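If you're wondering where the values come from, they're calculated on a predicted model, not measured in any experiment.
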Amino acid sequence: MTARQGGGATGGRDPAQAVLRELVLAATVRIHRTDAGHPPEGADGFLGSGFFIAPNWVLTCAHVVGGEEGGEVAVVCRSDPSREQRVVPGEVAATLPERVDRSVLGRWPDPDLALVRLREPVDHECLYVSERQASHYTEGRVFYAGWATDHGRPQLLDGFLAVEGAIGGWSAGAQLRLGPNDLPLGVSGGPVIDPVRGEVVGVLKSRADHGAGGTSIGVERLRTLPPAPDAGAHDPYRHAPHHDDLYQVVWHAHDRYHRDRQRPTDSGRPAWSDLQAELGARPGRALSPYERAELLGRLADLPPPDSTRGLLDILQALPDLRLPTQSPAPRGWRDGLGALYENARQDGTLPLVVDYAMRVMTAERPATPFVLDAEEALWEWIEQVATGLDGGRRSELARRRAQHLGERRREQSGRDPADGRTGSMARDPFARSADQLSVLLEVVDRAWEPGHCDWSVAVLRPDGEVTRLAEGERTGLAGLAAPLAEPLFEAFRRCDEPERPAPLYAALPHRMLDLPVDEWRLQPGAGPLGAERPVLVRCADRDQLPGEDGWYGAGLADDDVESDRRDRWHWLHTRRVRAEVLDCDDGVRRPVPDVVVLRGLAPGTVPVLCREGDRRYESDDAALLRIVRAGYGVALWRRWERRTDSVCGEFHRGARLVLDAAADAGQLPSLVHGLRGRLRDGRAEAFWAGGIAILYDDPHQPLPGTDDLLEAP
């Protein structure tokens with residue numbers, strides 16, 4: 001239930017305002033104290049409000065969460081009125097200021113902002129946050145939302161407030177004065193939105209000590225966040241070049257979310273760019289909302305500026321631009337774009353935006369495959385938007401791109417072609433020793449008895465010697481983890497080394513390749529098996545695979561398949577690897593190509609399935625089978641569940657970054673293991689990898705002969 005204040009209903013007279021209200025309310029959350037794991041009921045432990053600014057990231061006030069980094073809170077959210085509310089644990093990831101002297105009485109010191117990272121993924125809307133500074137907004141009305149208590153029950157409030165000026169002028173501490181309506185206790189931390197442009201400009205900070213109204217603080221104050229190293233900033237599993245800078249992590253995720261939301265999806269929910277187009281917003285008088293969202297999303301695929309000074313140098317080099325003097329200075333690519341809107345002379349914003357994007361594209365950075373793809377995508381945006389410029393400008397842009405490509409080629413020619421990577425990404429401190437043992441789980445499909453299988457657990461030596469520990473027959477698939485717990489524990493005890501858990505190879509029949517062995521929990525309170533050790537899938541019945549026509553033994557010659565399989569394996573473990581998403585194109589579901597097409601892909605390709613389990617086409621049941629039949633020993637996929645629209649784009653990006661982070665395919669098992677560990681630990685930056693699985697099937701280490709397995713009666 002929501003209550004309105006100061007302005008009445010918007011839905012009946014203005015459809016765009018009604019959509020704005022719907023999106024804002026869907027992203028506004030309430031924050032509670034945690035109480036020994038019990039979910040908050042009613043107003044128990046109610047602290048205040050907040051709102052989603054990026055997937056699984058909430059912005060609020062520091063005084064709402066107590067101003068302590070590392071503290072735990074409960075976030076109560078609901079993506080739309082038809083769904084049940086979710087109570088999700090959250091961690092206070094950062095506060096501004098970092099420390100507060102509790103002995104000093106009075107208002108919480110500026111800027112009074114906090115970032116909360118959810119510990120579990122949740123489906124939710126994210127607000128669009130302006131890239132402009134709030135100090136530019138000093139008149140008119142703003143829309144706000146927040147939670148308060150009424151007769152002991154939480155209630156969602158929203159309405160309009162007049163902007164009555166600023167406190168602090170152009171200084172770093174500038175705040176908007178809002179009024180004249182009363183702001184009840186609890187709405188602090190809620191969003192303040194410019195209803196004309198459809199974007200967040202601030203956070204409700206406080207209410208007036210005497211009389212009605214209150215203040216809001218500009219979101220740009222987050223630019224002063226220190227680049228505090230994350231606990232996992234230096235591990236080999238971080239897949240973003242700015243992982244230790246929360247400011248860049250959050251805003252890059254924000255911009256990618258809104259870019260992905262305006263691409264084709266199965267959802268009927270409006271995107272913020274749709275709303276902004278309906279409102280008639282035109283950022284900087286130059287770009288449509290769609291062009292802006294696409295540009296910001298492509299900028300967010302690139303590493304951020306090396307420093308604020310480097311970004312200011314780029315802005316200062318732009319012609320006809322008054323360099324912004326306000327504090328805090330721009331820090332990210334989106335901040336630089338916002339500075340163009342407010343400081344361009346006359347109607348020259350579009351040439352400046354294009355010039356700025358070109359300078360970002362050609363900035364100095366490591367030329368990894370993912371970066372090269374991101375630069376190419378940014379160039380495609382520049383080329384399309386530049387059609388509105390004169391021929392001379394377009395020719396100059398083409399010349400600068402050709403020069404940049406020439407520099408990139410020289411960089412690439414100086415690298416080792418068998419590696420293709422430099423620095424820490426080419427080293428894997430978790431590489432397995434050549435003599436380490438592994439555990440082998442073999443499963444036999446009892447096709448004549450659906451839902452049941454036979455199994456065996458063994459210790460596997462690098463020389464191929466097998467020590468079988470346990471076997472079972474006619475076990476139900478639904479409860480397979482229970483009878484396997486004891487023999488697997490015994491096998492792990494025999495194989496594990498200090499800080500080097502032995503990998504588990506799950507040799508599964510082709511009908512069961514997606515059996516979630518990595519998600520098994522072998523005892524109460526234990527984590528997922530895949531977070532405790534590498535869990536890798538192998539195909540146990542390659543000699544019994546059906547052909548494209550469904551008949552066993554039909555199709556490609558066995559010798560050709562085996563030769564191709566060995567060649568691909570060798571290439572993937574000696575050269576650069578690249579991801580190829582086979583079943584999804586920018587959020588649009590597509591069928592997996594047939595075996596002949598898959599065999600024609602480049603030898604360094606690692607197939608990736610975004611929606612394994614999303615049965616939409618007749619051939620979807622055979623997606624993994626086709627990859628195996630085409631000779632691939634390495635593949636990645638995620639088990640599909642109904643997910644938010646933006647997660648699809650994040651999975652594509654994440655899978656490509658994982659492969660880009662690996663010197664070769666031999667590092668993928670440890671990289672995926674690390675991702676699963678971060679998922680277990682509730683790390684929001686790894687939520688895209690939920691349900692990830694890896695096929696890792698070495699043709700040079702054949703599985704034990706089927707004669708040793710239990711035979712059908």
Side-chain angles (χ1 to χ4, degrees), residues 24 27-28 48-54 57-64 94-97 107-115 126-146 161-179 183 187-208 213-226 246-248 250-251 254-255 283-284 296 308 311 324-343:
V24 170
T28 302
S49 305
F51 57 98
F52 284 112
I53 59 172
W57 285 96
V58 169
L59 179 61
T60 184
C61 287
H63 78 261
V64 169
T95 61
L96 288 173
R107 299 198 324 186
W108 202 275
D110 294 340
D112 191 10
L113 294 174
L115 284 169
C126 293
L127 298 188
Y128 184 88
V129 180
S130 175
E131 58 271 35
R132 302 179 306 148
Q133 291 204 355
S135 54
H136 290 290
Y137 195 94
T138 57
E139 59 184 17
R141 294 195 310 166
V142 292
F143 182 70
Y144 82 94
L161 296 167
V163 180
E164 300 182 336
I167 303 172
W170 297 99
S171 72
Q175 299 179 44
L176 295 183
R177 292 191 296 112
L178 308 175
L183 293 174
V187 298
S188 292
V192 176
I193 300 99
D194 174 358
V196 176
R197 293 183 172 91
E199 55 191 31
V200 174
V201 296
V203 182
L204 284 172
K205 172 173 164 48
S206 62
R207 62 178 186 167
T215 64
S216 76
I217 192 76
V219 179
E220 73 274 1
R221 295 297 306 281
L222 285 175
R223 297 177 190 176
T224 62
L225 277 171
L246 281 183
Y247 182 83
Q248 306 291 2
V250 170
W251 291 119
H254 170 280
D255 290 335
L296 287 172
T308 294
L311 175 57
T325 57
Q326 302 100 315
S327 295
R331 179 168 171 176
W333 299 130
R334 74 183 328 263
D335 307 333
L337 185 63
L340 301 185
Y341 301 157
E342 302 299 339
N343 296 279

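The nearest pair of heavy atoms linking Leu225 to Ala94 is CD2-CB, 3.7 Å. Of all the heavy atoms in Val203 and Cys61, the pair that sits closest is CG1-SG, 4.0 Å. Contact detail for Leu96 and Pro111: the closest heavy-atom pair is CB-CG, 3.5 Å.
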| Would Glu131 and Trp251 satisfy side-chain contact (heavy atoms from CB on, under 4.5 Å), going step by step from the backbone distance to the final call? | CA-CA 10 Å; Glu131 58 271 35; Trp251 291 119; over 6 Å; no
| message | Working note: Val129 + Leu59, criterion side-chain contact (heavy atoms from CB on, under 4.5 Å); need CA distance, chi angles, decisive distance, verdict. | response | CA-CA 11 Å; Val129 180; Leu59 179 61; over 6 Å; no
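With hydrogens and angles ignored, the 3.5 Å screen pairs no side-chain donor or acceptor of Arg223 with any backbone N or O of Arg331. In this structure a side-chain-to-backbone donor-acceptor pair under 3.5 Å is present from Lys205 to Trp108. At least one donor-acceptor pair under 3.5 Å links the side chain of Thr60 to the backbone N or O of Ser49.
For the atom pair CZ of Arg132 and OG of Ser130, the computed distance is 4.5 Å after rounding to the nearest 0.5 Å.
Contact check for Ile217 versus Asp112: no side-chain heavy atoms found under the 4.5 Å cut-off. Leu183 places a side-chain heavy atom less than 4.5 Å from the side chain of Leu161. In this structure, the side chains of Leu246 and Trp57 come closer than 4.5 Å at one or more pairs of heavy atoms. In this structure, Tyr144 and Leu178 have side chains that are not in contact, with every pair of non-hydrogen atoms separated by 4.5 Å or more. At a threshold of 4.5 Å between non-hydrogen side-chain atoms, the residues Ile53 and Leu115 count as touching.
For the pairing with His254, the ring-ring contact (aromatic ring centres under 6.0 Å, His included) check across Tyr247, Trp333, Phe52, Tyr128 returns one residue only, Tyr128.
Every residue two or more places apart in sequence or in another chain that forms a side-chain contact (heavy atoms from CB on, under 4.5 Å) with Pro109 is listed here: Pro97, Val100.
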